[in-house]
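Note on naming: letters A, B, ... go to the chains in the order of the sequence lines (proteins, then strands), and numbering restarts at 1 for each one. What you see is a predicted model, and the numbers here were worked out from it, not measured in a lab. Just so it is clear, the values below take in all heavy atoms, side chains as well, and ignore hydrogens, waters and symmetry mates.
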Amino acid sequence: MSVRVRFAPSPTGYLHVGGLRTALYNYLFAKHHGGKCVLRIEDTDRTRFVENAQENLISSLRWAGIEFDESPEVGGDYGPYIQSERFDLYKKYGKELVENGSAYYAFDTSEELDAMRERQQKAGIPPKYDRTVMRNEFTLGKEETERLIAEGVDYVVRLKVPTTEDIRFSDLIRGEVVVNGKDVDDQILLKSDGFPTYHLANVVDDHLMAISHVIRGEEWLPSTPKHVLLYKAFGWECPTFAHLPLLLNKDKTKLSKRQGSVAVEDFREQGYFKEAFVNFVALLGWNPTADREIFDMQELIDNFNLEKVNKSGAVFDVQKLEWMNAQYVKTLPLDYMTDMLMPEMAKYDFNNVSKEYLAKVIDLFKERITFLKQIPVFANYMFEKPTEYEEEYLQKHWKENTKEIMLPLVEKFKAIDDWTHDATYGATKEYVEANNMKLKDVIHPIRLMVTGKSVGAGMFETMEILGKKESIERLEFFLNSQK
RNA sequence: GGUCCUAUAGACUAACGGUUAGGUCACCAGCCUUUCACGCUGGCAGUAGGGGUUCAAAUCCCCUUAGGAUCACCA
């Protein structure tokens with residue numbers, strides 16, 4: 001049987017990190033097995049419609065490098081891929097279940113249901129639809145039911161859950177799961193507005209779309225028995241289930257907005273590389289070897305298998321994400337990073353920076369930053385003359401005789417034709433040795449004069465990239481400003 | 001509360017009955033050094049508890065404890 005998996009988000013605004021991981025695992029699984037990965041939009045809740053949510057979702061997924069073989073955008077043989085466009089289907093299948101006795105009509109108002117739950121709560125029994133006392137096909141009788149429907153009274157269709165039977169299914173990650181029918185609620189399948197609930201729609205669609213593996217978050221585990229019952233009621237074969245462990249906050253609760261960023265777009269904005277982000281998220285709950293941390297998308301695909309997915313939830317640790325991003329800054333192609341950073345430079349009013357120059361600066365600083373966008377801030381002096389000089393640094397390294405010491409060195413610099421790291425370094429070394437000083441005695445003053453800051457990249461590399469003219473100008477400007 | 005799921009250091013994880021319980025982040029120390037980093041070396045720190053099964057248990061079973069998910073005409 002060929003592998004067909006789906007990612008089925010509801011368009012509620014943005015792509016959640018947990019959603020990205022679910023999508024990613026589906027994608028990796030499909031690609032690993034040469035199967036198909038389908039995107040299906042689950043928008044059966046009309047009250048939760050959000051403008052542009054679908055576009056947003058797709059753009060975040062695309063950013064991460066996840067493309068679908070079938071989706072609302074690219075189409076496919078099993079469309080439409082938006083549930084609200086499959087409306088008639090669900091109604092038809094819902095009716096089929098009523099006819100074969102697996103489901104039934106019910107007429108209770110939400111007030112009546114609330115009252116029922118309240119009674120149950122008071123009695124200390126778990127809230128669950130009681131089909132023996134509520135207003136439905138069983139209590140009202142067939143004739144009355146037909147009359148009410150003909151009259152146009154609002155009704156819902158509920159799943160008739162067997163009251164004592166064990167419902168069992170096997171999960172690729174959890175193993176065998178058994179739940180007794182007495183603990184499963186008579187789930188509403190078709191709402192009074194005629195729309196299906198998630199449970200009906202997802203089963204009908206997964207079957208019709210020939211989905212082989214349902215890979216989704218663990219929060220769906222408790223409702224899976226209902227889905228199993230539905231497959232049975234239709235006489236369909238169940239797909240293979242795989243319930244992924246949850247992504248957690250620091251306090252181990254389900255990863256939520258309240259405790260930091262959860263939208264993929266936020267991380268993108270914060271400056272994380274998609275390569276680092278995908279790498280990091282992939283390793284949350286799954287690990288192929290444990291002796292290695294860095295994987296690109298193809299390597300993830302090659303190594304992925306569901307059997308190695310963990311059972312327990314994983315805390316989303318930003319600290320490690322940052323480390324991973326720093327790893328990528330060091331190794332991603334210079335061209336790629338330069339193209340990425342180029343458009344950002346204008347935001348800092350660095351307008352006349354050439355691509356070649358920026359590439360050199362990135363190369364010089366990539367060992368000491370976590371985010372690419374730190375460059376214009378951390379290395380601002382590579383793009384403008386120092387606007388100020390760190391007071392503390394100045395106090396520490398500019399003594400009354402420093403000017404005298406620096407003057408001849410600057411003259412030596414001026415005589416250099418081939419302005420390279422080696423040349424300036426050699427000249428400096430020669431000078432300090434001749435004068436019985438240490439390299440650090442002059443490097444700090446040079447750093448101060450050229451950059452204005454106490455921290456930065458190697459001093460001679462910095463000057464090489466700055467160029468002779470610029471470096472000398474800065475040195476002389478500073479010397480002239482000192483008495 | 002009912003049901004279900006889970007349990008290796010602060011965090012992510014390796015081990016698929018036999019290892020001095022391994023790796024990564026973070027943290028600490030040292031080295032490197034031209035500041036800050038990177039890098040390198042070392043260190044701190046773990047099988048939740050209790051019973052079984054077995055020659056042998058982190059690993060299999062049971063109980064306890066703890067955490068989580070879920071209990072809507074939301075997905």
*Please state the C1' separation for the pair B:C12 and B:U34 - nearest whole angstrom.*
36 Å
*With heavy atoms under 4.0 Å as the rule, sort A:Gly285 into base, sugar-phosphate or nothing.*
sugar-phosphate
*Restricting to pairs with a member in residues 217-233 of chain A, which pass salt bridge (Lys or Arg N to Asp or Glu O under 4.0 Å), not counting sequence neighbours?*
A:Glu165-A:Lys232, A:Arg174-A:Glu218
*With both distances under 3.5 angstrom, what nucleotide forms a Watson-Crick or G-U wobble pair with B:G2?*
B:U70
*Give one of base, sugar-phosphate or nothing for A:Ser312, where a contact means two heavy atoms less than 4.0 Å apart.*
sugar-phosphate
*With both distances under 3.5 Å as the test, what is the Watson-Crick or G-U wobble partner of B:G39?*
B:C31
_Rounding to an integer number of angstrom, what distance separates B:A58 and B:G51 when you compare their P atoms?_
14 Å
*Classify the angle between the aromatic ring planes of A:Tyr155 and A:Tyr105 as parallel (below 30°), tilted (30 to 60°) or perpendicular (above 60°).*
perpendicular
*Which of parallel (below 30°), tilted (30 to 60°) and perpendicular (above 60°) describes A:His421 and A:Phe460?*
perpendicular
*Do A:Ser84 and A:Asp43 get their side chains close enough for a donor-acceptor pair, meaning under 3.5 Å?*
yes
*Straight-line distance of A:Leu200 CG to A:Thr44 OG1, nearest 0.5 Å*: 9.5 Å
*May I ask which nucleotide in the shown strands pairs with B:A58, Watson-Crick or G-U wobble, both distances under 3.5 Å?*
none
*Might you work through the ring pair (Phe, Tyr, Trp, His ring centres under 6.0 Å) test for A:Phe195 and A:Tyr90, ending with a clear yes or no?*
CA-CA 8 Å; A:Phe195 267 58; A:Tyr90 310 121; 8.5 Å; no
*Do the numbers put A:Arg158 on top of the ring of A:Tyr129, so that NZ or CZ is under 6.0 Å from the six-membered ring centre and no more than 45° off the axis?*
yes
*Using the ring pair (Phe, Tyr, Trp, His ring centres under 6.0 Å) rule, take A:His227 and A:Tyr198 through it: C-alpha gap first, then chi angles, then the decisive distance, then the call.*
CA-CA 10 Å; A:His227 306 162; A:Tyr198 167 85; 5.8 Å; yes
*Only one of A:Phe280, A:Phe277, A:Phe273 passes ring-ring contact (aromatic ring centres under 6.0 Å, His included) with A:Phe267; say which it is.*
A:Phe277
*asked:* Using a 4.0 Å heavy-atom cut-off, does A:Ala457 contact any base of the nucleic acid, only the sugar-phosphate backbone, or nothing at all?
replied: base
_Whole-angstrom distance between B:A57 and B:G52, as gauged at atom P_ = 12 Å
*Return yes if a side-chain donor-acceptor contact under 3.5 Å exists between A:Gln270 and A:Ser261, otherwise no.*
yes
*asked:* Taking the ring of A:Tyr393 and the ring of A:His397, is the distance between their centroids below 6.0 Å?
replied: yes
*Pick the P atom in B:A9 and in B:G49, then give their distance to the nearest Å.*
10 Å
*Distance under 6.0 Å and angle within 45° of the ring axis: does A:Arg474 meet both against A:Phe478?*
no
*Reckon A:Arg158 touches a base, only the sugar-phosphate, or nothing at all at heavy-atom distances under 4.0 Å?*
sugar-phosphate
*Could you tell me whether A:Glu42 contacts a base, only the sugar-phosphate backbone, or nothing, with contacts defined as non-hydrogen atoms closer than 4.0 Å?*
sugar-phosphate
*Of all of residues 163-173 of chain A, which get a heavy atom below 4.0 angstrom from RNA chain B, listed by number?*
none
Side-chain donor-acceptor distances from residues 289-296 of chain A under 3.5 Å, at least two apart:
from     : atom 1 : to       : atom 2 : distance (Å)
A:Thr289 : OG1    : A:Asp291 : OD1    : 2.8
A:Arg292 : NE     : A:Ile294 : O      : 3.2
A:Arg292 : NH2    : A:Ile294 : O      : 3.1
A:Arg292 : NH2    : A:Glu299 : OE1    : 3.0
A:Arg292 : NH2    : A:Glu299 : OE2    : 3.1
A:Glu293 : OE1    : A:Lys320 : NZ     : 3.3
A:Asp296 : OD1    : A:Gln298 : N      : 3.1
A:Asp296 : OD1    : A:Glu299 : N      : 2.9

*asked:* Taking the C1' atom in each of B:U13 and B:C31, what is the distance between them to the nearest angstrom?
replied: 29 Å
*So which nucleotide does B:U65 pair with, by the Watson-Crick or G-U wobble rule with both distances under 3.5 Å?*
B:A7
*asked:* Could you tell me if A:Lys453 and A:Asn380 have a donor-acceptor pair between their side chains, going purely by distance under 3.5 Å?
replied: yes
*Give one of base, sugar-phosphate or nothing for A:Arg117, where a contact means two heavy atoms less than 4.0 Å apart.*
sugar-phosphate
_Ring centers of A:Tyr328, A:Tyr272 separated by less than 6.0 Å_ = no
_By the 4.0 Å heavy-atom rule, please label A:Lys308 as base, sugar-phosphate, or nothing._
sugar-phosphate
*Start and end of the RNA chain B segment that chain A contacts, any atom under 4.0 Å from a heavy atom*: B:G2 to B:A75
_Work out how far the P atom of B:U65 is from that of B:U54, and round it to whole angstrom._
28 Å
*Does B:A26 pair with anything, Watson-Crick or G-U wobble, both distances under 3.5 Å, and if so, with which nucleotide?*
none
*Are the aromatic ring centres of A:His213 and A:Phe29 under 6.0 angstrom apart?*
yes
*What interatomic distance, in whole Å, is found between P of B:A37 and the corresponding atom of B:A45?*
26 Å
*Using the P atom in both, what is the distance from B:G46 to B:G1, to the nearest Å?*
32 Å
_Quick check on contacts: within residues 358-372 of chain A, what sits under 4.0 Å from RNA chain B by heavy-atom distance?_
A:Glu367, A:Arg368
*asked:* Over all strands shown, is A:Lys330 touching base, sugar-phosphate only, or nothing at heavy-atom distances under 4.0 angstrom?
replied: sugar-phosphate
*asked:* Base, sugar-phosphate or nothing for A:Thr197? Non-hydrogen atoms, less than 4.0 Å.
replied: sugar-phosphate
*For B:G17, which nucleotide in any strand shown is its Watson-Crick or wobble partner with both distances under 3.5 Å?*
none
*NA contact type, A:Asp108, heavy-atom cut-off 4.0 Å: base, sugar-phosphate, or nothing?*
base
*Can you list, by residue number, the residues of residues 242-252 of chain A that have a non-hydrogen atom closer than 4.0 angstrom to RNA chain B?*
A:Leu246, A:Lys252
